[in-house]
Every structure is written in C-alpha cells, then in structure tokens.
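Take a look at the structure set out below.
Just the heavy atoms: all of them, side chains too, but no hydrogens, waters or symmetry mates, feed the values below.
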Amino acid sequence: MTECAAMSALLEGVTVVPVVVVQDAGQAVPLAQALVRGGIRVVEVTLRSGAAMEAIERIAAEVPDMQVGAGTVTTVGQVQAVARVGASFVVTPGSPFSLLDAVADSGLPVLPGAGTVTEMMRLRDLGITLQKFFPAEASGGRAFLRAVSGPLPELRFCPTGGISADNASGYLGLGNVACVGGSWLTPKDALASGDWTRIERLAQEATGLAVGVA
C-alpha cells in the first residue's frame, strides 16, 4: 500500500482531526482518552512544543484506540524521530521533495501540505491525491477549494488553518473535502486546567459534523 493509500485508509470515515499543541506530556494520555470517549480516534500532535515527542510516544504506547500523528513536520530529522517514537502518520505544512523522500523512506502514511495549485499538481504527479490544504483560510478558504475542484477533480483535501466550529461544516460541505483539521476541540484553557469533560463534549459535537457534497 502506498503512503497516500495508507493515509486515505487511516482517515476513512474521519470528519475532524484535532490539531493539538501539548505543552505537558503528562496531559497526553488523558487528552487522548477524552477524545476517544468523544468518538475521535485520530489526532495530530504538532511539533510546536518541547513535549510533543514524548506526548506522541505516550499516546502511541498507552491509548491503543487512538491513531496519533505528528504534525508540523518540516525536517528529515523530525521524520526519523517521530517514526522512532511510534507516530502513526506524518503531517507536513509544505512539500519539499527532500521531506517527502524521508517520509517515503520511513514507511509512514503522509498528509502533505499544499497551498497553491502548483503544489497540488506536483503532489498529484507523485501519486498523492489526498492533501492538506494549508493555511486554509489565509489561502482562499472554501472559494479556493471550489475553484480548484474543476481543473483538479481527482484531489481531496483536509483543510487546516483557521478552521473552527463556526466554519467547519461549510468546508465539509464541499465535494473535494475529505475532513478538516482544527484546534477548537482542544482549547488552551481546557488543556491547562485538565478539563477532559469539556474536551470529550467538544469531540462528541465534532463527530456530529457531516461530510456533504456542495
């Protein structure tokens, strides 16, 4: 199975991927457990904190019902590191060839970032038809995705960047959107206070969002 096919299989039936910055690795397991109770079984832990690697390792080892991916992966060294700690997949903000080669060598599924038509076409030419559209709102949002669906009908996207509870349904209503990624399921104040009940409720609400065709 190719990395693209593996990523598509991993996200099959997934509507929302929580994008999380974990500042305290001790929060990782209860956070993942709260998301699972709320019906979420895929999470992206971004490499934007010193606790990220340990958080990924703990979730991978202790929460078997959760597929934990590493996000904001930008270097070859990071790809190798997240593979060692047990990440289930890799998410990148952009798609330089050196980074894609490293992910291919790791054997991990990848959701590579693209923000322009040229980047999208380049990834398509590599056989990658499921892509992260980032930064979604800053790059034209839903109007941009509607526009590219004509010339690039074979592509499907996971928009991330500026996605919220208020606009997620609008994105999910587009025919070329497979799922969305966002941080609203794990608010900073809820993480800081360990309010796992709130995060579970937000996860339940997110699983109720439906993918449509518009």
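Screening Val68, Leu10, Leu35, Thr15 against Val42 for a side-chain contact (heavy atoms from CB on, under 4.5 Å) leaves a single residue, Leu10. Each of Leu47, Thr72, Val90 was evaluated against Gln78; a single residue qualifies, Leu47, per the side-chain contact (heavy atoms from CB on, under 4.5 Å) test.
What you find for Ala6 and Pro109 is that their closest heavy atoms are CB-CG, 3.7 Å. Scanning all heavy atoms of the two residues, the minimum distance from Gly94 to Leu99 falls at O-CD2, 4.1 Å. When all heavy atoms of Glu54 and Ala25 are compared, the closest pair comes out as CD-CB, 3.6 Å. Residue Glu44 comes nearest to Gly71 through the heavy atom pair OE2-CA, 3.2 Å, listed as atom of the first residue, atom of the second, then distance. The two residues Glu154 and Thr129 have their closest heavy-atom pair at O-CB, 3.8 Å. Nearest heavy atoms, Ile163 versus Pro159: CG1-O, 3.6 Å.
Taken together through direct or relayed side-chain contacts under 4.5 Å among Ile, Leu, Val, Met, Phe, Trp and Tyr, Ile128 and Val73 form parts of separate hydrophobic clusters. Leu191 and Val36 fall within the same hydrophobic cluster, where Ile, Leu, Val, Met, Phe, Trp and Tyr residues are linked whenever their side-chain heavy atoms come under 4.5 Å apart, directly or through other members. Linking Ile, Leu, Val, Met, Phe, Trp and Tyr whenever their side-chain heavy atoms come within less than 4.5 Å puts Phe133 and Trp184 in one cluster. Cluster annotation: Val85 and Val20 are assigned to the same hydrophobic cluster (Ile/Leu/Val/Met/Phe/Trp/Tyr, side-chain heavy-atom contacts under 4.5 Å, transitive). Residues Leu185 and Val22 are members of one and the same hydrophobic cluster, defined by side-chain heavy-atom contacts under 4.5 angstrom among Ile, Leu, Val, Met, Phe, Trp and Tyr.
To the nearest 0.5 Å, the span separating OG1 on Thr186 from NZ on Lys188 amounts to 10.5 Å. Note: Ser106 OG to Arg84 CZ = 11.5 Å, rounded to the nearest 0.5 Å. How far NZ of Lys132 is from SG of Cys179: 11.0 Å, rounded to the nearest 0.5 Å. Expressed to the nearest 0.5 Å, how far CZ of Arg37 lies from CZ of Arg201 amounts to 13.5 Å. In this structure, CG on Leu100 lies 8.0 Å from CZ on Arg122, to the nearest 0.5 angstrom. Here the straight-line distance linking atom CD of Gln67 with atom CD1 of Ile40 works out to 13.5 Å at 0.5 Å rounding.
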Exercise. Going through the checks in order, is the side chain to side chain contact (heavy atoms under 4.5 Å, CB included) test met by Arg198 and Asp189?
Worked result: CA-CA 10 Å; Arg198 180 182 172 195; Asp189 58 339; 3.0 Å; yes
Problem set entry | Steps toward side chain to side chain contact (heavy atoms under 4.5 Å, CB included) verdict (Leu155, Leu123) | CA-CA 10 Å; Leu155 299 187; Leu123 288 172; over 6 Å; no
For this session: Before giving the answer on side chain to side chain contact (heavy atoms under 4.5 Å, CB included), spell out for Leu174 and Arg146 the whole-Å C-alpha distance, their side-chain angles and the decisive distance to 0.1 Å.
Result: CA-CA 7 Å; Leu174 299 176; Arg146 286 193 193 96; 3.6 Å; yes
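At least one side-chain heavy atom of Val63 sits less than 4.5 Å from a side-chain heavy atom of Gln33. Between Trp196 and Leu31, some side-chain heavy-atom pair lies under the 4.5 Å cut-off.
At least one donor-acceptor pair closer than 3.5 Å links the side chain of Asn167 to the backbone N or O of Ser164. Without hydrogens or angle criteria, Asn176 side chain to Leu145 main chain gives a donor-acceptor distance under 3.5 Å. Using modelled atom types, no side-chain atom of Ser88 and backbone atom of Gly69 make a donor-acceptor pair closer than 3.5 Å.
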